[in-house]
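Report on the following structure.
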Number of protein chains: 2
Amino acid sequence: MAKTEIESLRRLRDMPGALRRARRRKPGRRMNGTAVNVRGTIRERNEARILKAAEAVFAKKGFNGASTAEIARKAGVPKPNLHYYFRTKQLLYAGVLDNILEIWLDAMDEIRPGAEPAEALARYITRKLESSRLLPEPSRLWAMELISGARHVEPFLKKRLRRLVQQKSAIIRAWTEAGKIDPVEPEHLLFMIWAMTQTYADFAAQIAAVLGKDKLDEGVFAAARKTMVSLVLKGLRVR
Amino acid sequence: MAKTEIESLRRLRDMPGALRRARRRKPGRRMNGTAVNVRGTIRERNEARILKAAEAVFAKKGFNGASTAEIARKAGVPKPNLHYYFRTKQLLYAGVLDNILEIWLDAMDEIRPGAEPAEALARYITRKLESSRLLPEPSRLWAMELISGARHVEPFLKKRLRRLVQQKSAIIRAWTEAGKIDPVEPEHLLFMIWAMTQTYADFAAQIAAVLGKDKLDEGVFAAARKTMVSLVLKGLRVR
DNA sequence: TCAAAGCTTGATCAAGCGGTCAGGTTCTGA
DNA sequence: TCAGAACCTGACCGCTTGATCAAGCTTTGA
């Protein structure tokens, strides 16, 4: 789905290394049409394990701070095996981001042309916040990538995300014109919903420390949801 | 002011190195009471240059990703000279965070016992947003530190920031009891104001890309401020 | 049964890292 | 004028890093 956006990253693939030696052919399937690896799962299973480990390590230490050795250890494979499946660290990083883009966009389809603002906004906030609760590491990795300048996901931001925001903004503007909500700059409204919901994943350490907790429990997320929904619905005077 | 919070970090100072050799005495002033270096500026000027460069590099690459060589290059000094002023990378990082803690707390004194909610909240949001506009790099470095687990600033979060939030929360609760604003969980209200204002520094790359701009100009911040203030004031039904 | 493709891994490499050192130059107060 | 403190820096060190290699092992299709 969102595979194409980071295609440019793929093209960046470790140029120095690539020029030094012929490219290893990509295995996993045979050349002729017949499917091989009938269970076809060795590669898939190993790639998934490595990606999952990489997600956690990249999220905690950033691209530069993460080491392939640590990722390999966490995935339970020897380091050369990691490099067998992901030739370079850059490509591994691309693979991880690839997974995340879909999560990121997923909740936004709550904002539909026909929907009632109150329900649509409440559901959107709820889903985004659930992402922060259940998948904090992808959220943190995404945040790291943006803070670092978003070089790897720039094409995605400029094309796909921008287009999507324009579409959703039109819907929100229509709500205003129909007298269903107060006038608002829809793009900024979205930025603020993103910020509020993601802060409970990205800055969980700060929130937990301030609240005097070890980690954010369901009660914290419930209170956050209530505060957030109330703020947005009343803030827009949703009818 | 906020110097003591990271004292624990100072105690961490490069233990391996420190044990291997006697500590170099800290220069800059003579031992006897008389002030030396009457202009006293060589050390101050160099430390400031290095801190400024370090802030930018740490903000972009995180603690692990930043290299002392790059910081030194950016500061225009040879690498050994950087280590002359900041013995270890950890201590340099501590120095940078030290500067930031004060910025972070600064705006919060807008929320005062006597203040009217409408004005206090509007001014707080405005000041926080100005921080994001004028000092985006400290904000991004702070965000990186929190995402990475906040190990270096944990004492600050758990003691000073927590206490401050408790104080400000009491004030906000009093506003509710006085019937000046709707009931709200004050801690979460603060988390959301932090999130919304800082998103314009931390995730500037994403916002710029979505808006189709090269960088966030004053118009963007003006619109953000307007949206944010309106959302919070109406969301709390401030009288 | 077997050859080829896919998968695994201990050993190894060059590059970059944080940090040190020795020996210089400049500044300061008396 | 001068001794000592402060400041500066090219060369270097031990270690970790991303990545590679070569030699194995396992799976697969015919």
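Naming: A, B, ... by sequence-line order, numbering from 1 per chain.
- Rounded to whole Å, atom P of C/dA22 lies 16 Å from atom OH of B/Tyr84.
- D/dT17 atom C1' lies 12 Å from atom CD1 of A/Ile71, rounded to whole Å.
- Aromatic ring orientation, A/His188 versus B/Tyr200: parallel (interplanar angle below 30°, classes split at 30° and 60°).
- Residue-level contact check: B/Pro78 touches the backbone only, with heavy atoms under 4.0 Å from sugar-phosphate atoms and none from bases.
- Considering only the side chain of A/Thr88, D/dA19 comes nearest among D/dC7, D/dA19, C/dG10.
- Between A/Glu187 and A/Lys168 there is no salt bridge, since no side-chain N of the basic residue sits under 4.0 Å from a carboxylate O of the acidic one.
- Set against D/dA19, C/dT8, C/dG18, the side chain of B/Ser67 has C/dG18 as its closest nucleotide.
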How far apart are the C-alpha atoms of A/Lys61 and A/Glu70, what are their side-chain angles, what is the distance that settles it, and do they pass the salt bridge (charged side-chain N to carboxylate O under 4.0 Å, His left out) test?
CA-CA 11 Å; A/Lys61 311 216 172 162; A/Glu70 181 179 355; 3.3 Å; yes
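- Residues B/Gln166 and A/Val210 form no side-chain contact, since every pair of their non-hydrogen atoms from C-beta on lies 4.5 Å or further apart.
- Between C/dG6 and A/Asn46, no contact under 4.0 Å exists linking OP1 or OP2 to a side-chain N or O.
- Whole-Å rounding puts the B/Ile42 CD1 to D/dA5 C1' distance at 12 Å.
- Following rounding to the nearest Å, B/Asn81 (CG) and D/dA6 (P) show an atom-to-atom distance of 15 Å.
- Atom-to-atom, NE2 of B/His83 to P of D/dT9 comes out at 15 Å; the value is rounded to the nearest Å.
- Residue B/Arg87 contributes atom CZ, which lies 15 Å from atom P of D/dC7 at whole-angstrom precision.
- Between the side chain of B/Lys79 and the base of C/dG19, a donor-acceptor pair under 3.5 Å is found.
- Atom pair B/Arg43:CZ and D/dC8:P shows a separation of 10 Å (rounding to whole Å applied).
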Could you check A/Trp194 against A/Trp142 for ring-ring contact (aromatic ring centres under 6.0 Å, His included), going step by step and ending with a plain yes or no? CA-CA 12 Å; A/Trp194 298 348; A/Trp142 183 255; 9.4 Å; no
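- B/Ala72 comes within 4.0 angstrom of no nucleic acid atom, judged by non-hydrogen atoms across all strands.
- In this entry the distance linking CZ of A/Arg73 with C1' of C/dT8 reads 19 Å, nearest Å.
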